[in-house]
Number of protein chains: 2
Amino acid sequence: MQKQETLSKNQKIILDLIEKSDQPLKAYSILFDVKKKGINAPLQVYRALNKLVKIGKIHKIESRNAFIACKNSKCQIANATIFSICESCEDVTEIHDHKLSEHLRDFKDNKGMKYNKYNLEFFGLCKKCV
Amino acid sequence: MQKQETLSKNQKIILDLIEKSDQPLKAYSILFDVKKKGINAPLQVYRALNKLVKIGKIHKIESRNAFIACKNSKCQIANATIFSICESCEDVTEIHDHKLSEHLRDFKDNKGMKYNKYNLEFFGLCKKCV
DNA sequence: TAACGCTGTGTAATAATATAACATATTTAA
DNA sequence: TTAAATATGTTATATTATTACACAGCGTTA
């Protein structure tokens, strides 16, 4: 059974906003949007973001410095993420591909390194933008 | 036959510095180091970095905002990168794994997206840090 | 129930990363 | 040999993220 995290006020406000967007949001755009809810400083946003990332409710798109909600409602995974990113319209989609995930999970390098996390980003053109 | 790019003065200076380091360098640390060579402004560094990334001489470690030389001297690939990153000592190594690369190259999602690039970062603890 | 650890909040200041805008020079290709 | 493309230099500024400090709330435990 998964531990159900109790979110704090700021964490809820920010998760709520990110979940309502189907596309990644940037920290300062989040800040702008939550000012009306009494969140005034970047640090308040980053603290909530960090926590939400940590518990797998959202993911950071590293190449874009932006944050997207994890749609995989049941089993939040903070440590194994795959995204496709359209370089034209910037549309981002999380990919759930069992075979690929398995491959990445099982990957062993030749240096004896112990992995506990990976992040994969595919770039290209989506159907609309081809 | 691979086209041999001719690098400009600033590009050479900066590539040279990055190649001498076996670990990723950050833009402003590069800037600091090349001031003695007459490169004075962030933009001069970023311009060179962008070009070097584009032609595959260096790669950006997205999760670290840092740049590392591509050791794969013959066939610089700017569009298919795999790294392992130690979360303790921050050691970064580029991974060349034929099977995994093949898998990623051949990956097709179910949305008809056309990929031309990917970047994969593995995180964990290296031998020394376990 | 008092003391403690843990997590979260609020605020100000500042650090770190990256780009815009403008003027000019150099190289490449038609 | 002129036009296009690429590179340079400089100033200013935008964007992303963290440090430092003070304090509040909550559950544990001694």
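Just so it is clear: chains get the letters A, B, ... in the order the sequence lines come, proteins before strands, and each one is counted from 1.
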Is there a side-chain contact between [X] and the phosphate of [N], meaning an N or O under 4.0 Å from OP1 or OP2?
| X | N | value |
| --- | --- | --- |
| B:Ser8 | C:dT26 | no |
| A:Asn40 | C:dA12 | no |
| B:Lys9 | D:dT8 | no |
| B:Asn50 | C:dA18 | no |
| A:Gln44 | C:dT9 | no |
| A:Asn65 | D:dA17 | yes |
| B:Lys51 | D:dA7 | yes |

With the side chain of [X] defined as its heavy atoms from C-beta on, choose the nearest nucleotide among [options].
| X | options | result |
| --- | --- | --- |
| A:Lys26 | D:dT16, C:dT19, D:dA17 | D:dT16 |
| B:Arg47 | C:dA18, D:dT8, C:dT9 | D:dT8 |
| A:Lys60 | D:dA17, D:dG9, C:dT17 | D:dA17 |
| B:Leu43 | C:dA20, C:dT11, D:dA7 | C:dA20 |

Would you call B:Val53 and B:His59 a side-chain contact if the rule is heavy atoms closer than 4.5 Å?
->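 No, side chains not in contact.
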Measure the shortest side-chain to side-chain distance between B:Leu120 and A:Tyr118 over non-hydrogen atoms and say whether it is less than 4.5 angstrom.
->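 Touching, per the 4.5 Å side-chain cut-off.
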Please give, in whole Å, the distance from [N] [atom2] to [X] [atom1]?
| X | N | atom1 | atom2 | value |
| --- | --- | --- | --- | --- |
| A:Ile14 | C:dT9 | CD1 | P | 9 Å |
| B:Leu7 | C:dT27 | CG | P | 14 Å |
| A:Ile61 | D:dT16 | CD1 | P | 14 Å |
| B:Leu31 | C:dA16 | CG | P | 13 Å |
| B:Lys35 | D:dG9 | NZ | P | 14 Å |
| B:Ile39 | D:dG9 | CD1 | P | 7 Å |
| B:Phe67 | C:dA16 | CZ | P | 16 Å |
| A:Leu49 | D:dA17 | CG | P | 9 Å |

Would you say A:Tyr46 stacks on D:dT18, if stacking means ring centres under 5.5 Å apart and planes within less than 30 degrees?
->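 Given the distance and angle limits, no, they do not stack.
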Under 3.5 Å: donor-acceptor pair, side chain of B:Ser101, backbone of B:Asp97 |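 Here the side-chain-to-backbone pair exists.
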Does the distance from a Lys or Arg side-chain N to an Asp or Glu carboxylate O, for B:Lys117 and A:Glu87, drop under 4.0 Å?
->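 Yes, charged N to carboxylate O under 4.0 Å.
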Are B:Glu62 and A:Ser63 linked by a side-chain donor-acceptor pair shorter than 3.5 Å?
->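 A:Ser63 and B:Glu62 do not have a side-chain donor-acceptor pair below 3.5 Å.
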Ignoring hydrogens and angles, are the base of C:dA15 and the side chain of B:Tyr28 linked by a donor-acceptor pair under 3.5 Å?
->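 Flag unset: no donor-acceptor pair detected.
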Using the benzene-type ring in the case of Trp, are the ring centres of B:Phe107 and A:Phe122 under 6.0 Å apart?
->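 Yes; A:Phe122 has its ring centre under 6.0 Å from that of B:Phe107.
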